[in-house]
Amino acid sequence: MLQINYIRENKAAVIEGLTKKYFADAEQIVNEIIETDQIRRDTQHNLDLMLADANSKAKAIGDLMKAGKKEEAEKEKAAATELRSKTKELQDLHTIKEEELNALLVKLPNLPHHSVPAGRTAEENINIYSHGEVPTLHADAQPHWELIKKYDIIDFELGNKITGAGFPVYKGKGARLQRALINFFLDEAGKSGYTEVQPPIMVNEASAYATGQLPDKDGQMYYANEDKFYLIPTAEVPITNIYRDMIIREEDLPIKNTGYTPCFRREAGSWGADVRGLNRLHQFDKVELVQIATPETSYAILEEMKKHVQGLLEKLELPYRILHLCAGDMSFTSALTFDFEVYSAAQKRWLEVSSVSNFEAYQANRLKLRYKVDGKTQLLHTLNGSALALPRIVASILENNQTPEGIRIPKALQAYTGFDLIK
RNA sequence: AGAGAGGUGUCCGAGUGGUUGAAGGAGCACGCCUGGAAAGCGUGUGUACGGGUAACCGUACCGAGGGUUCGAAUCCCUUCCUCUCUACCA
């Protein structure tokens, strides 16, 4: 959530940023916010004065009672009652205005960082880096949804039976490959100084709200009605929420956490040819990086996280490219996002396997995540990135590394899989 | 799930409805003391919002939300959570 003080003082920049993100009616909503805020502040000022008055009256009555002047106290009570009832009206108005203001603020997405390219759709993202050769496959090469059947390593039919579409069963070397990737990613994160955590994979409403999934993505998360818990769409939610309502000591920054969790996404409204096989699932595995940093360091840290993800993809010997997302294609809460895409040779498609973002103070404002500088409390910056999401990595390993003898496992993974070929 | 106990500041822990934003500790910061340190002594040490250039002032906050009252951490209702015992169970 954007800070009201910032909006008040930087109205033009806010409208400009929102417009860059193709947010509809930016100017109108910002104006409405500023007006509502003004009424809220005026109301509070008047209310505070009145309450101060009422408090001193109450105190005076107390003193009279103590002094034994009962009758005088009784006389004062009538005036005090009157005053109190007047404060109620202002109190109600203040509450209403505060709620209105909050409802408006929650609607606003984060502002794009100044370096974010203009553009509305994925076509306008900018490819800032490419690495690795796109492999040329032999004539009868197959897409991964055929390969998994051929080698009997991932079973969608079985998942259908047990749960439904998008919940595959990993079997044998397929299951082993999953576990190898998870361990590999966690170990690599550990080497880069991240502390491993295992968070809950269901979160309460306050957590889903704090990282911005609610109210924006309500309906995209699975919901356990009876207990009002959401199944996490990413480990970002529980891990970042570890630090909700906290004031961090500056010397403890930056905070670096990593965690493996399954992720659950309803993916309502997305279907079609490009969601075949492992390309889009309702449940998938992911290792996530989360960092909490000062505003001065957050962009350097974003670079560091980008480097980390590059390192992973290079060790896995996968051709990849990095996209600097254009303003219109960024998520609601992000100020700057790099997407990593891996080439999946048989599908002849680039698949998104990681998204690394700086949220600046947007999440921190909802999280109430702060630190102290020179005695003043200030919001921190939050960042996160996938390192990595498994299914599409698996898809591209299967497709890119297929040989007549079987599927070759990247060297870096062999110590984790315990085999070098799926045949 | 049933019975009981409880939720107060960074932590521990008081709190009879009226200078309680909150005793007392501990911790932390600064100062004095010391050759240096410890101990000791002194001072300070919550958050949010509002007003003010600022010093500072005001208001709210004792799990959350309502209510009673001139006045609520304290009384009443609702709700969430934690702990103990019992039951059940990976």
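Numbered from 1 within each chain, the chains take letters A, B, ... in sequence-line order. Please read these numbers as outputs of a predicted model, since none were measured by experiment.
Side-chain proximity of A:Q44 to the nucleotides B:G58, B:U47, B:C70 is greatest for B:G58. Of all nucleotides listed (B:G51, B:U59, B:U47), B:U59 comes nearest to the side chain of A:D48. Here the nucleotide nearest the side chain of A:R84, chosen from B:U59, B:C49, B:C70, is B:C70. Which of B:G51, B:A48, B:A60 sits closest to the side chain of A:H45 comes down to B:G51. With B:G71, B:G58, B:U47 as the candidates, the nucleotide lying closest to the side chain of A:I247 is B:U47. Side-chain atoms of A:T81 lie closest to B:C70 of the nucleotides B:C70, B:A60, B:G51.
At a cut-off of 3.5 Å, with distance as the only test, no side-chain donor of A:Y260 or A:Q198 sits close to an acceptor on the other residue. A:D285 and A:Q178 are linked by a side-chain donor-acceptor pair at a separation below 3.5 angstrom, with hydrogens and angles left out of the test. The closest side-chain donor-acceptor pair between A:N204 and A:S207 falls under 3.5 angstrom. One side chain, A:Y416 or A:D187, offers a donor N or O that lies under 3.5 Å from an acceptor on the other. Side-chain atoms of A:T43 and A:H94 form no donor-acceptor pair, as typed in the model, at a separation below 3.5 Å. No side-chain donor-acceptor contact under 3.5 Å links A:Y299 and A:H381.
Of the options A:E236, A:R366, A:R244, a side-chain contact (heavy atoms from CB on, under 4.5 Å) to A:T211 is made by A:E236 and by none of the others.
Taking atom C1' on both B:C61 and B:G7, the two are 16 Å apart, rounded to the nearest angstrom. Between B:G2 and B:G67, the two C1' atoms lie 30 Å apart (nearest whole Å). Atom name C1', nucleotides B:A90 and B:A73: the rounded distance is 42 Å, in whole Å. B:G50 and B:A38 have their P atoms separated by 42 Å, with the value rounded to a whole Å. When the C1' atom is used for both B:U69 and B:G17, the distance is 9 Å, rounded to whole Å. B:G35 and B:C30 are spaced 22 Å apart, taking the C1' atom of each and rounding to whole Å. Going from the P atom of B:U79 to that of B:A3 covers 14 Å, rounded to whole Å. As rounded to the nearest Å, B:C76 and B:C81 have P atoms that lie 22 Å from one another.
In this structure, B:C62 forms no base pair with any nucleotide, since neither Watson-Crick nor G-U wobble geometry is met with both distances under 3.5 Å. Both distances falling under 3.5 Å, in either a Watson-Crick or a G-U wobble arrangement, occur for no nucleotide opposite B:U69. Under the Watson-Crick or G-U wobble criterion, with both distances below 3.5 Å, B:U34 has no partner in any strand shown. B:A5 is paired with B:U82 under the criterion used here, namely a Watson-Crick or G-U wobble arrangement in which both key atom distances are under 3.5 Å. The partner of B:U20 cannot be assigned: no Watson-Crick or G-U wobble pair with both contacts below 3.5 Å exists in any strand. For B:U10, the paired nucleotide is B:A26, the pair qualifying as Watson-Crick or G-U wobble because both relevant distances are below 3.5 Å.
Nucleotides of RNA chain B nearest to A:E98 and A:K88 differ in position, and the one nearer the 5' end is that of A:E98. Mapping A:D53 and A:K77 onto RNA chain B via the closest heavy atom, the residue that lands nearer the 5' end is A:D53.
Scanning atom types as modelled, no donor and acceptor separated by under 3.5 angstrom connect the side chain of A:E76 and the base of B:C70.
One interatomic measurement links the two molecules: CD of A:E99 to P of B:C49, which rounds to 17 Å at whole-angstrom precision. Rounded to a whole Å, the CZ atom of A:R370 is 13 Å from the C1' atom of B:U10. Here the C1' atom of nucleotide B:C70 and the NZ atom of A:K86 are 15 Å apart, to the nearest Å. Look at NZ on A:K97: it is 17 Å from C1' on B:G50, rounded to the nearest Å. Atoms CE (A:M1) and C1' (B:C49) sit 13 Å apart, rounded to a whole Å. Here B:G58 presents its P atom at 18 Å from CD of A:Q91, a figure rounded to the nearest Å. For the pair A:I39 CD1 and B:G50 P, the computed distance is 15 Å after rounding to whole Å. For A:D245 and B:G46, the CG to C1' distance is 14 Å, given to the nearest whole Å.
A sub-4.0 Å separation between OP1 or OP2 of B:G50 and a side-chain N or O of A:R40 is present. In this model, the phosphate group of B:G58 is not approached by any side-chain N or O of A:N55 to a distance below 4.0 Å at OP1 or OP2.
Note on A:A80: only backbone sugar-phosphate atoms sit closer than 4.0 angstrom, heavy atoms only; bases stay farther off. Among the heavy atoms of the strands lying under 4.0 Å from A:I61 is at least one base atom, whether or not backbone atoms are also near. Within 4.0 Å of A:K372, counting heavy atoms only, lie sugar-phosphate atoms of the nucleic acid but no base atom.
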Salt bridge (Lys or Arg N to Asp or Glu O under 4.0 Å) between A:D152 and A:K171, intermediate numbers included: CA-CA 7 Å; A:D152 194 27; A:K171 303 193 292 191; 3.0 Å; yes
